[in-house]
Asks: 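Below is a structure I'd like to ask you about.
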Amino acid sequence: MVEPGDVKEAARYALEILSRSDRGRSMGQTARLNAKKKFCANDVIPRYESYYQQVLEQSSAARA
């Protein structure tokens with residue numbers, strides 16, 4: 001991570017990742033695992049359903 005606006009430091013890290021295929025591959029694999037943990041359909045879908053149910057209930061209550 002670099003400070004926002006620190007273009008030189010961001011470029012340095014980008015070049016390091018691009019020049020070392022093992023580093024980029026490792027980061028990609030880690031990112032994929034994290035995404036699967038955080039955004040697994042088994043976890044996300046019930047949250048959306050619950051949210052939509054709340055919206056529907058609030059909408060129905062507002063009409064009454």
Side-chain angles (χ1 to χ4, degrees):
M1 306 265 317
V2 299
E3 290 292 322
D6 191 345
V7 177
K8 287 184 181 181
E9 190 70 4
R12 186 176 74 79
Y13 280 115
L15 289 172
E16 179 184 339
I17 292 167
L18 292 170
S19 65
R20 294 181 48 202
S21 63
D22 62 318
R23 175 86 171 156
R25 188 172 296 111
S26 173
M27 288 178 69
Q29 289 171 344
T30 300
R32 182 178 175 87
L33 288 174
N34 286 333
K36 287 177 102 175
K37 286 180 191 175
K38 292 180 181 178
F39 303 107
C40 174
N42 293 334
D43 297 330
V44 174
I45 290 172
R47 287 182 178 165
Y48 276 114
E49 289 174 337
S50 175
Y51 174 74
Y52 289 133
Q53 187 63 40
Q54 289 175 7
V55 170
L56 290 172
E57 289 170 2
Q58 290 173 359
S59 176
S60 295
R63 289 185 204 160

Asks: So which atom in Ala41 and which in Pro46 form the shortest heavy-atom distance, rounded to 0.1 Å?
Replies: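 The answer is O-CD, 3.8 Å.
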Asks: Roughly how far apart are Asn34 CG and Phe39 CZ, rounded to 0.5 Å?
Replies: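 Asn34 atom CG to Phe39 atom CZ measures 9.5 Å (nearest 0.5 Å).
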Asks: Closest approach of Lys38 and Val44, non-hydrogen atoms and distance?
Replies: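 Residues Lys38 and Val44, closest heavy atoms: O-CG2, 4.1 Å.
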Asks: How far does CZ of Arg12 sit from NZ of Lys8, to the nearest 0.5 angstrom?
Replies: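 Answer for the CZ-NZ pair, Arg12 versus Lys8, is 12.5 Å.
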Asks: Answer whether the closest heavy-atom distance between the side chains of Arg23 and Glu16 falls below 4.5 Å.
Replies: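 Yes. Closest side-chain heavy atoms under 4.5 Å.
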Asks: Apply the test side chain to side chain contact (heavy atoms under 4.5 Å, CB included) to residues Glu49 and Gln53: give CA-CA distance (whole Å), side-chain angles for both, the deciding distance (0.1 Å), then the verdict.
Replies: CA-CA 6 Å; Glu49 289 174 337; Gln53 187 63 40; over 6 Å; no
Asks: Nearest 0.5 Å, please: how far is CZ in Arg25 from CZ in Arg20?
Replies: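 Between atom CZ of Arg20 and atom CZ of Arg25 there are 12.0 Å.
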Asks: Which atom pair, heavy atoms only, marks the closest approach of Val2 to Glu9?
Replies: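 Between these two residues, the closest heavy atoms are CG1-CG, 3.3 Å.
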Asks: Tell me if a side-chain donor or acceptor on Thr30 pairs with a main-chain N or O of Ser26 at a distance below 3.5 Å.
Replies: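 Yes: the side chain of Thr30 pairs with the backbone of Ser26.
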Asks: Has Ser59 got a side-chain atom pairing as donor or acceptor with Val55's backbone, closer than 3.5 angstrom?
Replies: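 It does not hold such a pair.
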Asks: Measure from the side-chain N and O atoms of Ser60 to the backbone N and O of Leu56, and report whether any donor-acceptor pair falls under 3.5 Å.
Replies: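 Indeed, once roles are kept as given, a pair shorter than 3.5 Å links the two residues.
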Asks: Counting only heavy atoms not in Glu3, do more than 12 fall under 6.0 Å of its CD?
Replies: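 At most 12 heavy atoms, drawn from other residues, nucleotides or ligands, come within 6.0 Å of this atom.
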